[in-house]
Amino acid sequence: MNYIGSKHKLSNFIFETVTEICGKELSQKTFCDLFAGTGIVGRNFKPFVKQVIANDVEYYSYALNRNYIGNHISFEYDDLMNELNSLNGKKGFIFQNYSESGKAGRNYFTSENGAKIDAVRIQIEEWKKSSKITQDEYFFLLASLLESADKVANTASVYGAYLKHIKTSAAKKIIIKPANFQQTESVHKVFQQNSNELIKNIEGDILYLDPPYNARQYGANYHLLNTIAKYDTFVPRGKTGLRNYYKSDWCRTGEVLKSFEELIENAQFPYIFLSYNNEGLMSQKEVEKVMERFGKYSLKTKKYQRFKADKTENRNHKASETFEYLHILEKR
Ligand SMILES: C[S@@+](CC[C@H](N)C(=O)[O-])C[C@H]1O[C@@H](n2cnc3c(N)ncnc32)[C@H](O)[C@@H]1O
């Protein structure tokens with residue numbers, strides 16, 4: 001999934017830095033990914049640690065992590081997948097409110113894909129209600145639908161707006177592909193809570209923090225993923241069909257530093273790693289100042305090229321240099 005702030009490309013850098021500081025022997029360690037998003041960081045650690053604790057305040061992220069992290073024992077899914085993929089479309093909530101020919105004219109999906117998403121989502125819920133599937137299978141299918149729907153979404157990247165014309169990838173017929181997870185013997189934990197509340201009730205060895213770094217609220221940018229995942233009834237608002245969404249203090253200039261300080265103070269983990277970007281709401285110095293109050297602080301920096309659309313040069317792309325910081329605290 002193309003996700004704002006995804007650590008997909010930085011996952012080796014994070015893994016290497018963590019093992020450099022904590023040692024390569026992780027098999028007895030508990031690793032917590034407190035702002036898990038797509039779950040990619042926890043997924044990388046899952047085969048190597050005793051337990052992963054994954055958390056995110058958004059429900060779509062909970063559904064993804066409940067599958068990728070929470071699921072650890074394999075099951076047969078071919079028949080379920082085949083059944084879902086052979087369903088006829090239904091003109092349901094997604095078709096009506098978020099597809100090309102729905103009454104609201106919001107071009108997030110083609111009409112065919114919108115109706116197919118409805119049919120699949122309704123079927124998954126019916127299977128759950130009639131106990132044809134387990135909780136594990138339910139979240140596996142839900143994660144599979146979210147990932148597959150995201151692939152055919154007619155957006156530039158996030159769901160804050162849809163494109164006027166259907167783009168090539170969105171014109172393709174949706175195929176529900178399995179959201180495969182890593183099997184492990186050990187059991188993992190997944191939460192959907194505000195980080196600053198959850199941190200008071202958990203403990204472990206390695207705490208990885210990847211909070212939002214700017215004012216863009218995830219609940220607004222990914223509202224349609226929540227709508228597919230929850231499949232509840234509400235009145236979609238405005239041009240983009242927004243739902244009410246969670247507003248995180250980590251996205252507010254006046255609140256972020258306080259939230260950060262409180263989180264570090266309450267963390268019951270000896271090793272804390274924070275990913276943050278040089279364009280974030282908190283400066284590198286501000287982060288350092290908070291962390292060094294609680295133990296030994298160090299910093300790893302990774303430079304990478306980010307391509308930004310440059311409107312002045314006729315859609316040529318210009319590389320801009322961005323630094324990703326990994327702040328490290330060995331807590332006293
Ligand atoms: C930078 S993203 C994490 C990306 C993730 N590491 C990945 O690679 O996919 C930040 C995440 O923090 C979540 N978030 C924002 N405020 C939160 C809060 N107060 N508690 C828990 N999660 C929060 C957002 O929903 C978002 O998924």
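Counting convention: from 1, in listed order, for ligands and their atoms alike.
Atom CG of Asp56 is separated from atom OG1 of Thr38 by 9.5 Å, given to the nearest 0.5 angstrom. Atoms CD1 and NZ, on Ile272 and Lys331 in that order, are 5.5 Å from each other to the nearest 0.5 Å.
A heavy-atom cutoff of 4.0 Å around ligand 1 is satisfied by the protein residues Tyr3, Gly5, Ser6, Lys7, Phe35, Ala36, Gly37, Thr38, Ile40, Asn55, Asp56, Val57, Glu58, Gln193, Asn194, Ser195, Asp210, Pro211, Pro212, Tyr218, Tyr246, Ser248, Trp250.
Side-chain contact, Ser27 with Glu25: a donor N or O sits under 3.5 Å from an acceptor N or O.
Applying the side chain to side chain contact (heavy atoms under 4.5 Å, CB included) criterion to Asp78, with sequence neighbours excluded, gives Glu76.
The existence of a salt bridge linking Arg43 and Asp33 is excluded, since no basic side-chain nitrogen approaches an acidic carboxylate oxygen closer than 4.0 Å.
Within a 6.0 Å radius of CG in Asn88, no more than 12 heavy atoms belonging to other residues, nucleotides or ligands are found.
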